[in-house]
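Start at 1 and go down the list; that is how both ligands and their atoms are numbered. Residue indices begin at 1 and follow the sequence shown.
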Amino acid sequence: MCGIIGYIGKREAAPLLLEGLKRLEYRGYDSAGMALVHQGKLTAFRSEGKLSKLENKIGAKTPQGTIGIGHTRWATHGKPSEKNAHPHISKRVAIVHNGIIENYLELKKLLPHKGRELKSETDSEIVCHLMDAYVAKEENFLLALDQVLKCLEGTYALVIMDLKDPKHLYVAKKASPIVIGFGKHECFVASDIPAFLAHTNQITFLENDEIAVLSEESVDFYSKELKKIEKPIKEIAWTADMAEKGGYKHFMLKEIMEQPTAIRDTLLGRINKNKNQIHFPEIEKIFKGRFPNFNRFYMVACGTSWHAALAGRYYMEAIAKIPVSVDTASEFRYREPFIDKKTLLLVISQSGETADTLACVAMAREHGAKVISICNVIDSSIPRLSHATLYTNAGPEIGVASTKAFTTQLAVLLMLALSFGARKKSIDQRYLKKAIDGLSKLPRVMENLLKEKEKILKIAQKFVNSRDFYFIARGIHFPIALEGALKLKEISYVHAEGYAAGEMKHGPIALLEHNTPVVALAPKDRVCEKMISNIQEVKARGASVFIVASEGDKRFEKQNDEVFYVPDSLWYLTPLLISLPLQLLAYFVADLRGAEVDQPRNLAKSVTVE
Ligand code: AGP
């Protein structure tokens with residue numbers, strides 16, 4: 001998820017681009033850059049790190065030009081560096097890109113020099129050179145752009161400057177957001193409204209496969225078939241602060257709602273429906289095509305990532321038939337585990353900087369183990385120390401409470417288990433096809449489920465003043481219960497515990513009083529009957545139950561309990577669905593209690609101390 005911006009108008013572009021990029025830094029901040037054209041000359045600045053480093057590099061001598069593009073990067077391909085920073089520039093074209101070009105490696109072969117002209121490790125740069133190649137043939141820039149877009153697979157929001165034509169900016173979109181701002185004798189284009197809201201609130205969102213050509217006074221819109229189309233201009237009534245959160249009250253709610261996109265981006269380039277394959281090139285690199293014959297498989301993480309690891313064990317053991325042991329990093333590093341050259345350590349970390357987890361990676365490396373990491377921040381400390389990293393593509397997670405990182409971690413763990421299972425033949429092609437189909441549909445299913453969020457608000461209003469919450473579940477949903485409890489306690493400061501439902505009668509049930517809220521995860525699976533008994537047990541002790549069940553399961557009707565239904569899904573997809581109402585419950589209870597949702601007390605987004 002990167003931040004892109006473009007400006008064309010009567011004013012000097014550089015200050016407007018920098019101001020806009022500042023407003024977009026929440027979308028990515030590992031490198032930044034801008035390019036302007038003035039009197040036929042291109043000036044470009046790029047730097048690794050935050051926007052302030054770019055400003056220092058530009059210094060007091062602000063570049064001239066009334067047309068320009070800018071970018072603040074969230075790396076997906078190619079580590080954070082000046083070389084990989086946008087804008088990318090070729091002979092005739094400067095571009096900024098947000099998205100993932102899945103087939104960029106194949107596209108290199110289409111270039112005259114088979115990609116030798118590429119200077120960066122990014123997927124985005126390929127677009128520049130393809131434009132050079134096509135515009136040399138087509139001459140008409142718009143036709144050349146249309147030809148290039150037809151070559152691209154994946155997602156993109158592109159803003160392109162034709163260095164020979166400083167009167168126009170070219171914009172194209174597929175899946176990644178792009179919004180146009182209409183000013184007085186000037187036009188803006190950006191990933192998100194905050195970038196230019198200080199200058200205009202007259203906007204139009206581009207839709208998939210549409211192209212826009214911006215000039216100082218107007219914007220021409222084209223359909224996929226290059227037919228001119230009219231698009232309505234809307235007036236947006238947001239403040240700049242609201243706009244950064246996409247109109248949501250908190251980053252956490254925005255990130256909960258972004259999960260379908262985050263999952264979609266995490267699946268990209270890894271699932272091949274035509275070949276019925278799940279593919280991790282990062283793994284192939286270290287296992288060189290053979291299935292690794294490790295004799296010990298540890299999963300290690302902290303907090304929410306540890307909950308993902310606990311759920312990942314169910315995937316690995318039930319699908320890939322691989323025994324796994326799971327530890328919190330702070331315990332693993334001191335319990336003197338057996339580690340040797342035939343050990344595989346899989347660590348999970350959103351930030352890639354958690355001190356305890358990083359220490360486990362270092363310890364495992366010292367003992368000769370192979371280390372794979374699942375991270376959300378490219379080239380952070382843990383990936384740099386790992387043999388391979390499987391990145392979640394959730395984009396920056398600003399809220400301290402991890403949400404989209406968690407469900408994308410589950411998605412990577414599930415895909416990894418499926419790919420291991422397929423390789424070991426512990427699952428057949430039919431099982432894999434069903435799983436790939438289910439994963440491909442998951443973003444849409446999540447989108448529809450999130451539309452029901454008001455139902456969770458009502459349940460939160462009912463329990464907002466409760467002192468103690470218990471989350472109970474069985475099987476793979478036990479880690480989800482732990483996660484639901486952690487979400488609630490860390491942002492609303494309410495005591496909440498997750499328990500294996502079968503454990504309640506071994507002690508915790510003594511804690512239940514009249515109306516103690518118990519959240520019971522009871523999807524239609526082979527232990528649902530047992531969950532129904534556990535629900536009866538806690539109700540008999542006066543608990544007030546909130547059940548998360550499967551759509552169509554009539555066993556929970558007419559029991560005057562609060563019930564929220566999730567789509568009846570494959571067992572390995574249900575954990576990702578059930579996580580959503582639990583995240584929303586925690587969010588709404590905390591917000592109703594007036595808690596500081598995005599920055600809860602005593603917590604940091606990345607725990608870089610032991
Ligand atoms: C999750 O909501 C918490 N903020 C916290 O438990 C977090 O998951 C934990 O600190 C691990 O962080 P990491 O994934 O960046 O390693």
Side-chain angles (χ1 to χ4, degrees), residues 74 250-256 258-259 262 266 298-312 326-333 345-362 371-386 389-413 471 479-494 496-498 579-580 582-587 589-590 595-610:
W74 182 262
H250 297 102
F251 276 112
M252 181 181 175
L253 184 55
K254 178 170 179 278
E255 287 153 10
I256 289 172
E258 278 175 346
Q259 289 180 100
T266 298
Y298 296 114
M299 282 195 207
V300 167
C302 300
T304 286
S305 300
W306 173 59
H307 297 151
L310 288 171
V326 179
D327 290 80
T328 58
S330 52
E331 287 301 309
F332 185 76
R333 62 186 293 199
L345 173 69
L346 172 65
V347 295
I348 304 171
S349 174
Q350 187 286 131
S351 62
E353 299 297 345
T354 299
D356 282 320
T357 312
L358 186 58
C360 293
V361 172
V371 176
I372 298 174
S373 51
I374 296 176
C375 281
N376 193 43
V377 182
I378 289 247
D379 213 41
S380 49
S381 300
I382 290 174
R384 290 205 306 272
L385 210 50
S386 304
T389 298
L390 311 179
Y391 285 107
T392 50
N393 285 323
E397 191 174 65
I398 311 295
V400 165
S402 191
T403 50
K404 60 180 183 173
F406 177 63
T407 48
T408 54
Q409 287 166 354
L410 293 181
V412 171
L413 285 161
F471 290 70
I480 307 304
L482 294 174
E483 173 59 13
L486 174 64
K487 287 282 94 53
L488 182 65
K489 71 179 91 173
E490 69 172 328
I491 63 172
S492 60
Y493 316 144
V494 172
E497 295 298 332
S579 300
L580 303 181
L582 302 191
Q583 293 166 351
L584 288 167
L585 178 68
Y587 172 77
V589 168
E596 187 43 58
V597 170
D598 284 333
Q599 283 99 19
R601 67 187 179 202
N602 312 332
L603 297 178
K605 185 59 191 169
S606 171
V607 182
T608 54
V609 293
E610 296 187 17

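In this structure, Lys487 counts as a contact residue of ligand 1, since one of its heavy atoms falls inside 4.0 Å of the ligand. Heavy-atom separations between Thr357 and ligand 1 are all 4.0 Å or longer.
Of the protein's heavy atoms, Thr354 OG1, 3.5 Å lies nearest to atom 12 (O) of ligand 1. Distance from atom 3 (C) of ligand 1 to its nearest protein heavy atom, with residue and atom name: Glu490 OE1, 3.4 Å. Closest to atom 10 (O) of ligand 1 among all protein heavy atoms lies Val607 CG2, 3.7 Å. Atom 11 (C) of ligand 1 has its closest protein heavy atom at Cys302 O, 3.4 Å.
In this structure, Asp598 contributes its side chain and Met252 its backbone to a donor-acceptor pair below 3.5 Å. At distances below 3.5 Å, not a single donor-acceptor pair connects side-chain atoms of Thr389 with backbone N or O atoms of Ile374.
A distance of 11.5 Å separates OG1 in Thr354 from CD1 in Ile348, rounded to the nearest 0.5 Å. Here Glu397 contributes atom CD and Thr408 contributes atom OG1; the two are 7.5 Å apart, rounded to the nearest 0.5 Å. Distance check, rounded to the nearest 0.5 Å: CZ of Phe332 to SG of Cys302 gives 12.0 Å. Between atom NE2 of residue His307 and atom CG of residue Leu482 there is a gap of 4.5 Å, rounded to the nearest 0.5 Å. Annotation: the span from Ser349 atom OG to Ile382 atom CD1 amounts to 4.0 Å, rounded to 0.5 Å.
Checking only distances, Val400 does come within under 3.5 Å of ligand 1, N or O to N or O. Checked by distance only, ligand 1 and Gln409 stay at 3.5 Å or farther apart across all their nitrogen or oxygen atoms.
Between Leu390 and Ile372 there is a side-chain heavy-atom pair separated by less than 4.5 Å. Counting only heavy atoms from C-beta outward, the side chains of Thr403 and Tyr587 never approach each other to under 4.5 Å.
The Ser402 neighbourhood of ligand 1 comprises atoms 1 (C), 2 (O), with distances under 4.0 Å to a heavy atom of that residue. Interface of Thr304 with ligand 1, defined as ligand atoms under 4.0 Å from a residue heavy atom, comprises 1 (C), 2 (O), 6 (O), 8 (O). Close approach of ligand 1 to Ser349 is summarised as follows: ligand atoms under 4.0 Å from at least one heavy atom of the residue are 13 (P), 14 (O), 15 (O), 16 (O). Near Ala401, meaning under 4.0 Å from one of its heavy atoms, ligand 1 places the atoms 2 (O). Near Ser305, meaning under 4.0 Å from one of its heavy atoms, ligand 1 places the atoms 8 (O), 13 (P), 14 (O).
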